Amino acid sequence: MCIDDDEATNFYNKSIIMKIDVIKNHLIYEDAEKAIEYLSHPVDSIKVPDLILLDINMPRVNGWDFLDRYIINGFDKKFDQTKIIVLTTSSNPSDILRADSYFCVTGLENKILNATKIKNILTNHFGISFENVH
């Protein structure tokens, strides 16, 4: 699941992910509120995300708000195998500390993503090997 208010960023991230060809279903939301609504459905009626790429700076519901709602709604327990990677353009140390304060966040990555960053995320969090993948 990609949550980013920028349509071009979502398109770019999806293109990279599709090129790597290891993810079967792509869920893209330009509005974090819509992602929360999706996750609120019964587990047997949705595709539970293995990975959420979450932008921090978004209007209305930003990434921090999403994480707060994620926890309040119990998604951190309901989707305990889901990995959340916070995406940011900020180099502010307080953003790093804040991301680390959320137990459900498994990593922080600087934007813009590229194939190497995506492969590293998949290797580090899911054990996927890309030795023979170009």
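Computed from a predicted structure; not experimentally measured. The analysis underlying the following values was restricted to heavy atoms, covering all of them including side chains, and did not include hydrogens, waters or symmetry mates. Along the sequence shown, the residues carry numbers beginning at 1.
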Could you walk me through whether Asn110 and Lys117 satisfy the side chain to side chain contact (heavy atoms under 4.5 Å, CB included) test, starting with their C-alpha distance in whole Å, then the side-chain angles of each, then the deciding distance to 0.1 Å, before giving a yes or no?
CA-CA 9 Å; Asn110 286 320; Lys117 288 180 183 180; 4.3 Å; yes
Is there a path of hydrophobic side-chain contacts, each under 4.5 Å between heavy atoms, that joins Tyr38 and Ile52?
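Yes, it is one cluster - the side chains of Tyr38 and Ile52 are joined through contacts under 4.5 Å.
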same_hphob_cluster(Phe126, Ile20) at 4.5 Å side-chain heavy-atom cutoff
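Per the 4.5 Å side-chain linkage, Phe126 and Ile20 are co-clustered.
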For a 4.5 angstrom cut-off between non-hydrogen side-chain atoms, does Asp6 reach Phe11?
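Contact flag for Asp6/Phe11 side chains = no.
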Using the side-chain hydrogen bond (donor to acceptor under 3.5 Å, both in side chains) criterion, which residues pair with Asp65? Sequence neighbours excluded.
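Testing Asp65 for side-chain hydrogen bond (donor to acceptor under 3.5 Å, both in side chains), a comparison that skips the adjacent residues, returns none.
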Measuring from atom NZ of Lys119 to atom CD1 of Ile128, what distance do you get when rounded to the nearest 0.5 angstrom?
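Answer rounded to 0.5 Å: 11.5 Å.
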Taking all atoms of both residues into account, what is the closest heavy-atom pair of Lys78 and Leu39, and its distance?
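For Lys78 and Leu39, the tightest heavy-atom pair comes out as NZ-O, 3.4 Å.
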I want to check something: taking the side chain as every heavy atom from C-beta on, are Thr106 and Asn124 in contact at a cut-off of under 4.5 Å?
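No. Closest side-chain heavy atoms not under 4.5 Å.
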Minimum heavy-atom distance Phe130-Thr123, with the two atoms named
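For Phe130 versus Thr123, the nearest heavy atoms are CD1-OG1, 3.5 Å.
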Exercise answer: donor-acceptor pairs, residues 69-77 side-chain atoms, under 3.5 Å, sequence neighbours excluded:
unit_1, atom_1, unit_2, atom_2, d
Arg69, NH1, Glu33, OE1, 2.2
Arg69, NH1, Glu33, OE2, 3.3
Asn73, ND2, Arg69, O, 2.9

Under the rule for side-chain hydrogen bond (donor to acceptor under 3.5 Å, both in side chains), what residues qualify as partners of Asn92, not counting sequence neighbours?
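Scan of Asn92 (side-chain hydrogen bond (donor to acceptor under 3.5 Å, both in side chains), adjacent residues dropped) gives Ser94.
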Linked, directly or transitively: Ile3 and Val61 (ILVMFWY side chains, under 4.5 Å)
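No, it is not one cluster - the side chains of Ile3 and Val61 are not joined through contacts under 4.5 Å.
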I'd like a table of donor-acceptor pairs (distance under 3.5 Å, sequence neighbours excluded) in which one partner is a side-chain atom from residues 79-88, with atom names and distances.
unit_1, atom_1, unit_2, atom_2, d
Thr82, OG1, Pro49, O, 2.5
Thr82, OG1, Phe79, O, 3.4
Thr88, OG1, Ser90, N, 2.9

What heavy-atom pair brings Cys2 and Ile17 nearest, and what distance separates the two atoms?
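Minimum heavy-atom contact is SG-CD1, 4.2 Å.
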Any residue meeting side-chain hydrogen bond (donor to acceptor under 3.5 Å, both in side chains) with Tyr12, in chain and number order, not counting sequence neighbours
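Checked Tyr12 against side-chain hydrogen bond (donor to acceptor under 3.5 Å, both in side chains); zero matches.
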Atom CE in Met1, atom CG in Asp50: separation rounded to 0.5 Å?
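Output value for this atom pair is 11.0 Å.
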Examine Leu67 and Ile121 and state if one hydrophobic cluster contains both, with Ile, Leu, Val, Met, Phe, Trp and Tyr joined whenever side-chain heavy atoms are less than 4.5 Å apart.
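Leu67 and Ile121: separate clusters.
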Would you say Trp64 and Phe103 are hydrophobically clustered, going by side-chain heavy atoms of ILVMFWY under 4.5 Å?
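Trp64 and Phe103: separate clusters.
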Ile46, CD1 atom: more than 12 neighbouring heavy atoms under 6.0 Å
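More than 12 within 6.0 Å, yes.
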How far apart are the closest heavy atoms of Ala32 and Met58, and which atoms are they?
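Heavy atoms of Ala32 and Met58 come nearest at CB-CE, 3.9 Å.
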With sequence neighbours left out, which residue pairs that include part of residues 96-116 fulfil the salt bridge (charged side-chain N to carboxylate O under 4.0 Å, His left out) condition?
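Of all non-adjacent pairs touching residues 96-116, those that pass salt bridge (charged side-chain N to carboxylate O under 4.0 Å, His left out) are Asp4-Lys111, Asp55-Lys111.
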Evaluate Leu51 against His125 for side chain to side chain contact (heavy atoms under 4.5 Å, CB included), listing each step before the verdict.
CA-CA 9 Å; Leu51 174 65; His125 297 284; over 6 Å; no
What I want to check is whether the side chains of Asn10 and Tyr29 have a donor and an acceptor closer together than 3.5 Å.
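No, no side-chain donor-acceptor pair sits under 3.5 Å.
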